[in-house]
Participant: 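The structure's right below; bear with me while I get my questions together.
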Amino acid sequence: MNDTLHKILLITVVLSIFQALVGESLIYAAYFNDQGFLDQTNKVMAALIIFYVIPVVFLFKLKFLYVLLGLIVLTPLFSILFLILCGMLFPIMDENPGLGILVILILSINLVSVGIGTIIGVFIHVLLYYKRKIIA
């Protein structure tokens, strides 16, 4: 293993942590802002997908794209970890069962956005590679 692979693995872990934190902040934003946040889920999901495509295209090289599978695996694990940690640090003292449904909804939106964003990023990466190969 060379330094480049170590750097890519570190970027993958940091990006997974960042994506999990974005999901956690969305949970709190949706809970405390009941101004129709859930009515805008399509726009939120589209913004998240675009937001998750950009690092995949610019930070990963074509020969290390298989490392992105770690991104799809690590993000749900970090999401659950941060959900537990934030639940202990910032407890919401509400006996509302809708909070659990909200958490499941927002986490699923975030994780689907991570998966779709990663797949679109890989597709763009491959298209750019073949475009450069055809032009050169």
Side-chain angles (χ1 to χ4, degrees):
M1 291 174 67
N2 55 15
D3 286 336
T4 309
L5 182 59
H6 288 286
K7 189 170 82 171
I8 293 296
L9 288 172
L10 180 67
I11 289 171
T12 302
V13 170
V14 169
L15 194 59
S16 298
I17 290 171
F18 179 71
Q19 290 173 344
L21 286 174
V22 167
E24 187 66 29
S25 63
L26 282 176
I27 291 170
Y28 281 96
Y31 182 74
F32 290 116
N33 181 13
D34 56 352
Q35 305 276 333
F37 185 83
L38 294 178
D39 296 336
Q40 305 294 327
T41 54
N42 292 337
K43 293 177 185 175
V44 170
M45 192 167 180
L48 284 175
I49 289 171
I50 293 169
F51 189 64
Y52 294 155
V53 165
I54 293 170
V56 171
V57 172
F58 290 114
L59 295 178
F60 292 93
K61 295 182 180 180
L62 193 61
K63 69 179 185 177
F64 294 122
L65 285 181
Y66 62 89
V67 177
L68 289 173
L69 291 175
L71 186 71
I72 295 173
V73 171
L74 289 176
T75 302
L77 296 176
F78 284 125
S79 294
I80 293 170
L81 177 71
F82 287 128
L83 183 66
I84 293 169
L85 286 176
C86 288
M88 289 189 303
L89 293 176
F90 311 112
I92 298 175
M93 299 298 180
D94 193 6
E95 296 297 325
N96 187 1
L99 178 63
I101 296 170
L102 179 69
V103 167
I104 291 171
L105 179 69
I106 298 296
L107 278 180
S108 62
I109 287 172
N110 189 37
L111 296 178
V112 167
S113 298
V114 167
I116 292 173
T118 304
I119 291 169
I120 291 173
V122 169
F123 185 69
I124 290 172
H125 224 304
V126 170
L127 285 177
L128 290 174
Y129 171 75
Y130 281 117
K131 179 184 174 190
R132 279 182 257 153
K133 192 173 181 180
I134 290 173
I135 291 175

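Not measured: the values here are computed from a predicted model.
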Participant: Out of curiosity, does Ile106 fall in the hydrophobic cluster containing Ile84 (side-chain heavy atoms, cut-off under 4.5 Å, transitive links)?
Facilitator: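 Different clusters.
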Participant: What distance separates Ile135 CD1 from Tyr130 OH, expressed to the nearest 0.5 Å?
Facilitator: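 If I round to the nearest 0.5 Å, the distance is 15.0 Å.
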Participant: Treat each ILVMFWY residue as a node, draw an edge where side-chain heavy atoms are under 4.5 Å apart, and state whether Ile124 and Tyr52 are in one component.
Facilitator: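 Yes, Ile124 connects to Tyr52 through the hydrophobic network.
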Participant: Can you list the other members of the hydrophobic cluster that holds Leu10, where links are side-chain heavy atoms under 4.5 angstrom apart?
Facilitator: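 Val14, all in the cluster of Leu10.
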Participant: Are any non-hydrogen side-chain atoms of Phe18 and Pro55 less than 4.5 angstrom apart?
Facilitator: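 No, every pair of side-chain atoms sits at 4.5 Å or beyond.
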Participant: Any idea which heavy atoms bring Ala20 and Phe82 closest together, and the distance?
Facilitator: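 Closest approach of Ala20 to Phe82, heavy atoms only: CB-CD1, 3.7 Å.
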Participant: Using the rule that Ile, Leu, Val, Met, Phe, Trp and Tyr join whenever any side-chain heavy atoms are under 4.5 Å apart, tell me whether Val112 and Leu102 fall into a single cluster.
Facilitator: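 Yes; tracing contacts between hydrophobic side chains, which count when under 4.5 Å, links both residues.
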Participant: Could you tell me which non-hydrogen atom of Ser79 sits nearest to which non-hydrogen atom of Glu24, and how far apart they are?
Facilitator: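 Of all heavy-atom pairs spanning Ser79 and Glu24, the closest is O-OE1, 4.4 Å.
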Participant: Treat each ILVMFWY residue as a node, draw an edge where side-chain heavy atoms are under 4.5 Å apart, and state whether Val56 and Leu111 are in one component.
Facilitator: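 Result: no, two separate clusters.
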Participant: Say you draw a straight line from CG of Leu15 to CG of Leu74; how long is it, rounded to the nearest 0.5 Å?
Facilitator: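 Nearest 0.5 Å value for the CG-CG distance: 10.5 Å.
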Participant: Nearest 0.5 Å please: distance from the CD1 atom of Ile27 over to the CD1 atom of Ile104.
Facilitator: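 Ile27 atom CD1 to Ile104 atom CD1 measures 10.0 Å (nearest 0.5 Å).
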Participant: Within the 4.5 Å heavy-atom criterion, are Val13 and Phe78 side-chain neighbours or not?
Facilitator: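 Yes, at least one pair of side-chain atoms sits under 4.5 Å.
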Participant: Are Ile17 and Met88 connected in the hydrophobic side-chain network, where two residues link if heavy atoms are under 4.5 Å apart?
Facilitator: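 Yes.
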Participant: Are Phe60 and Ile11 close enough that some pair of their side-chain heavy atoms sits under 4.5 Å apart?
Facilitator: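 When only atoms from C-beta onward are counted, Ile11 and Phe60 do touch, with a gap below 4.5 Å.
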Participant: Filter on side chain to side chain donor-acceptor pair (under 3.5 Å), then keep only pairs touching residues 10-20, sequence neighbours left out; what's left?
Facilitator: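 For residues 10-20: Gln19-Thr75.
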Participant: Any side-chain heavy atom of Leu83 sitting closer than 4.5 Å to one from Val103?
Facilitator: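 Heavy-atom side-chain distance check passes, below 4.5 Å.
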Participant: Could you go through residues 42-50 and list every donor-acceptor pair under 3.5 Å that involves a side-chain atom there, pairing it with any protein atom two or more places apart or in another chain?
Facilitator:
from, atom 1, to, atom 2, distance (Å)
Lys43, NZ, Gln40, OE1, 3.3

Participant: Side-chain polar contacts of residues 64-71 - donor-acceptor pairs under 3.5 angstrom, sequence neighbours left out - could you list them?
Facilitator:
none

Participant: Step by step, work out the side-chain contact (heavy atoms from CB on, under 4.5 Å) result for Ile109 and Leu26.
Facilitator: CA-CA 10 Å; Ile109 287 172; Leu26 282 176; 5.6 Å; no
Participant: If you link ILVMFWY side chains whenever their heavy atoms are less than 4.5 Å apart, which other residues fall into the same cluster as Phe123? By chain and number, please.
Facilitator: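 Leu127, listed by chain and number.
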Participant: Would you compute the distance between atom CG of Leu59 and atom CD1 of Ile8 and round it to the nearest 0.5 angstrom?
Facilitator: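 Here the interatomic distance stands at 7.5 Å.
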Participant: Suppose we screen for side chain to side chain contact (heavy atoms under 4.5 Å, CB included). Which residues come up paired with Ile119, at least two apart in sequence or across chains?
Facilitator: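 Checked Ile119 against side chain to side chain contact (heavy atoms under 4.5 Å, CB included); zero matches.
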